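Just so it is clear, the structure is predicted and the values come from calculations on it, not from any experiment. As the structure lists them, so they are numbered: ligands from 1, and atoms in each ligand from 1. Index from 1, following the sequence. Every heavy atom of this structure was used, including side-chain atoms; hydrogens, water molecules and symmetry mates were not.
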Amino acid sequence: MSSKQVICGFITLVLILSHSFMLEAQLQVGFYAGSCNLAEFIVKQEVRNALIRDKGVAAGLVRMHFHDCFVRGCDGSVLIDSTPSNTAEKDSPANNPSLRGFEVIDSAKARLEAICQGVVSCADILAFAARDSVEITGGFGYDVPAGRRDGRISLASEIPANLPPPTFNVDQLTRNFANKGFTQDEMVTLSGGHTIGRSHCASFSNRLYSFNSTTGQDPSLDPIYAAQLKQQCPQGSSNTNLVVPMNPSSPTITDVGYYRDIIANRGLFSSDQTLLTNTATATQVTQNAQNPFIWRSKFAAAMVKMGRIEVLTGNAGEIRAKCRVING
Ligand code: HEM
Ligand SMILES: *[C@@H]1O[C@H](CO)[C@@H](O)[C@H](O)[C@H]1NC(C)=O
């Protein structure tokens, strides 16, 4: 063999190996079929049990998956507890005290470690739990490609550059979601996550009392709804635990009520109501409101896409033993 042939052979080998490595590193539906057959079943059981006690936890888990994926990819970084030397994502003001459902992930993880130790990642458990939450609350179920690995870094300081605040306008939201690979249409679709759950008063009270330097109440908010919200969220209340339902007509059902609210000027956040201020997004809002079936399937597809953001696969990262702490 000439040295040219050897080099050619070597390059071919590298290409084949890297190709098969890439295939191996893709997320796969049924990833745990051989290694931990009951993984998805057990997560679903834990989600079901939690929802019997508190239906609102479904919203918490859907939001938690979103907050995981938008910060450092879907690597379970949102689950990691702070330490004396590190303030983790979950203790950013965007997550603490509002994010909920951590105990569901913990209990699913404990059961999975007992039957297949070190196999199922926390990032996958969260992706399954979010899917189950959508499905149990009336959205479409969908297959979750799995094989995510858990990250070892979680920094509260990374939240502001990655998670959109409720004050964002449509252009800011479009840019934020484009940074994560989403179209504007997908941004509108995913915003429909606000069809379930609740919000703390602090997340929108600026719209009731301190909109800008000249106007107290946001004129884009339906005045009757604003009056109700003011009763539920009194100005200057020191009670930071006060919450109101999102999509008050059906706050535990994954339906298109969110879009109907917006059309009625009853979007809770500026980031919801702003979808009516742009021709393209307003059209999507109307279409989603009128086509519940289509929105449910677009939402399922967008959740799958969200679950692929910057995932760790193959030998990257680790399989955490406990979702709250990186392995020692
Ligand atoms: C478009 C930009 C978004 C903004 C600005 C935003 C902002 C917020 C805020 C401020 C809250 C209330 C937190 C609180 O005070 O308790 C909230 C709740 C929630 N968000 Fe979003 N969000 C966005 C997108 C999403 C997406 C893409 C999803 C999921 C697909 C989602 C799912 C939820 C859910 C389910 C809740 C209720 C949580 C609970 O009841 O515990 N959000 N969001
Ligand atoms: C405050 O908001 C109102 C209503 O949107 C608007 O008309 C006004 O120009 C704003 N004022 C300032 C100072 O931004």
Side-chain angles (χ1 to χ4, degrees), residues 50-51 54-70 74 92-102 104 126-127 129-131 133-134 137 139 142 159-160 162-180 182 184 186-207 210-221 233 240-248 251-254 258 262 267-275 277 281 285 295-296 298-307 309:
L51 295 192
D54 178 2
K55 265 224 150 190
V57 168
L61 291 167
V62 173
R63 183 172 185 236
M64 196 186 289
H65 186 43
F66 162 53
H67 284 202
D68 186 26
C69 294
F70 266 52
C74 318
S92 151
N95 287 330
N96 188 356
S98 59
L99 212 55
R100 53 174 168 164
F102 293 108
V104 183
L126 179 51
R131 181 269 316 272
S133 298
V134 169
T137 56
Y142 52 91
I159 299 284
N162 290 287
L163 281 184
T167 49
F168 262 15
N169 66 32
V170 64
D171 295 328
Q172 294 169 311
L173 291 171
T174 302
R175 271 199 299 278
N176 174 267
F177 276 69
N179 286 340
K180 304 296 174 185
F182 290 107
Q184 188 179 58
E186 288 168 332
M187 181 274 286
V188 177
T189 299
L190 281 171
S191 295
H194 289 173
T195 182
I196 53 171
R198 65 175 192 200
S199 171
H200 290 72
C201 293
S203 298
F204 58 87
S205 58
N206 67 309
R207 301 186 72 198
S210 53
F211 185 58
N212 64 22
S213 57
T214 55
T215 311
Q217 186 173 312
D218 184 344
S220 73
L221 186 62
C233 300
T240 54
N241 298 324
L242 293 178
V243 292
V244 306
M246 302 211 281
N247 184 211
T252 60
I253 304 173
T254 296
Y258 167 78
I262 292 178
L268 187 55
F269 306 132
S270 295
S271 58
D272 300 320
Q273 200 58 47
T274 188
L275 300 180
T277 65
T281 56
V285 168
W295 173 74
R296 278 185 177 84
K298 285 200 302 183
F299 186 68
M303 288 294 284
V304 171
K305 181 167 174 179
M306 189 173 87
I309 298 175

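In this structure, CD in Gln184 is found 11.5 Å from CZ in Phe177, a value given to the nearest 0.5 Å. Here the OG1-CG distance, from Thr252 to Leu51, works out to 10.0 Å after rounding to the nearest 0.5 Å. Phe299 CZ to Ser191 OG: the interatomic distance, rounded to the nearest 0.5 Å, is 9.5 Å. In this structure, CG in Leu99 is found 10.0 Å from CG in Asp68, a value given to the nearest 0.5 Å.
Contacts between His65 and ligand 1 below 4.0 angstrom, taking non-hydrogen atoms only, are absent altogether. Residue Phe177 touches ligand 1 through its side chain alone, judged by heavy-atom distances below 4.0 Å.
Within the sub-2.8 Å shell of atom 21 (Fe) of ligand 1, the protein contributes these N/O/S atoms: His194 NE2.
Arg296 contributes a side-chain N or O that, together with a main-chain N or O of Thr254, makes up a donor-acceptor pair within less than 3.5 Å. Counting only distance, with no hydrogens or angles, the side chain of Arg63 and the backbone of Gly193 share no donor-acceptor pair below 3.5 Å. One N or O on the side chain of Gln273 and one on the backbone of Ile262 form a donor-acceptor pair closer than 3.5 Å. Of the possible polar contacts, none joining the Asn169 side chain to the Ser271 backbone as a donor-acceptor pair under 3.5 Å is found. Between the side chain of Thr274 and the backbone N or O of Val170 there is at least one donor-acceptor pair closer than 3.5 Å.
Each of the following atoms of ligand 1 lies closer than 4.0 Å to a heavy atom of Ile196: 35 (C), 37 (C). Of all the atoms in ligand 1, the ones that sit under 4.0 Å from a non-hydrogen atom of Leu173 are 1 (C), 2 (C). Listed by number with element, the atoms of ligand 1 under 4.0 Å from a non-hydrogen atom of Ser271 are 5 (C). When each atom of ligand 1 is checked for a heavy atom of Val62 under 4.0 Å away, the hits are 29 (C). Heavy-atom contacts of Leu190 reach the following atoms of ligand 1: 26 (C), 27 (C), 28 (C), 30 (C) (cutoff under 4.0 Å).
Within the 4.0 Å heavy-atom cutoff, Met187 does not count among the residues contacting ligand 1.
Here the protein heavy atom with the shortest distance to atom 36 (C) of ligand 1 is Met246 CE, 3.4 Å. Annotation: atom 15 (O) of ligand 1 to nearest protein heavy atom, Ser203 OG, 2.6 Å.
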Please determine whether side-chain contact (heavy atoms from CB on, under 4.5 Å) holds for the pair Asn176 and Phe70, giving the CA-CA distance in whole Å, both sets of side-chain angles, and the decisive distance to 0.1 Å. CA-CA 10 Å; Asn176 174 267; Phe70 266 52; 3.4 Å; yes
Go through the steps for Ile196 and Lys55 under the test side-chain contact (heavy atoms from CB on, under 4.5 Å), then give the verdict. CA-CA 10 Å; Ile196 53 171; Lys55 265 224 150 190; over 6 Å; no
Test side-chain contact (heavy atoms from CB on, under 4.5 Å) on Arg198 and Ser98 and set out the steps. CA-CA 9 Å; Arg198 65 175 192 200; Ser98 59; 5.7 Å; no
CA sep, side-chain torsions, deciding dist, call: Tyr142, Arg131, side-chain contact (heavy atoms from CB on, under 4.5 Å): CA-CA 7 Å; Tyr142 52 91; Arg131 181 269 316 272; 3.5 Å; yes
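Nearest to atom 3 (C) of ligand 1 by heavy atom, out of Cys201, Gly60, Pro164, Pro165, is Pro164. Of the candidates Ala130, Ala94, Ala59, it is Ala59 that places a heavy atom closest to atom 35 (C) of ligand 1. Counting only non-hydrogen atoms, the option in Arg100, His200, Lys180 that gets closest to atom 40 (O) of ligand 1 is Arg100.
Under the 3.5 Å distance criterion, with hydrogens and angles disregarded, a donor-acceptor pair is assigned to the side chains of Asn247 and Thr195.
Of the residues Pro245, Pro166, Ser199, Pro248, the one that meets the side chain to side chain contact (heavy atoms under 4.5 Å, CB included) test with Leu268 is Ser199.
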If you look at each N/O of ligand 2, which protein N/O atoms lie under 3.5 Å away, and at what distance?
from, atom 1, to, atom 2, distance (Å)
ligand 2, 2 (O), Asn212, ND2, 2.4
ligand 2, 11 (N), Asn212, ND2, 2.9
ligand 2, 11 (N), Thr214, OG1, 3.1
ligand 2, 14 (O), Asn212, ND2, 3.3

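Taking the six-membered ring for Trp and thresholds of 30 and 60 degrees, His194 and Tyr258 have ring planes more than 60 degrees apart, a perpendicular arrangement.
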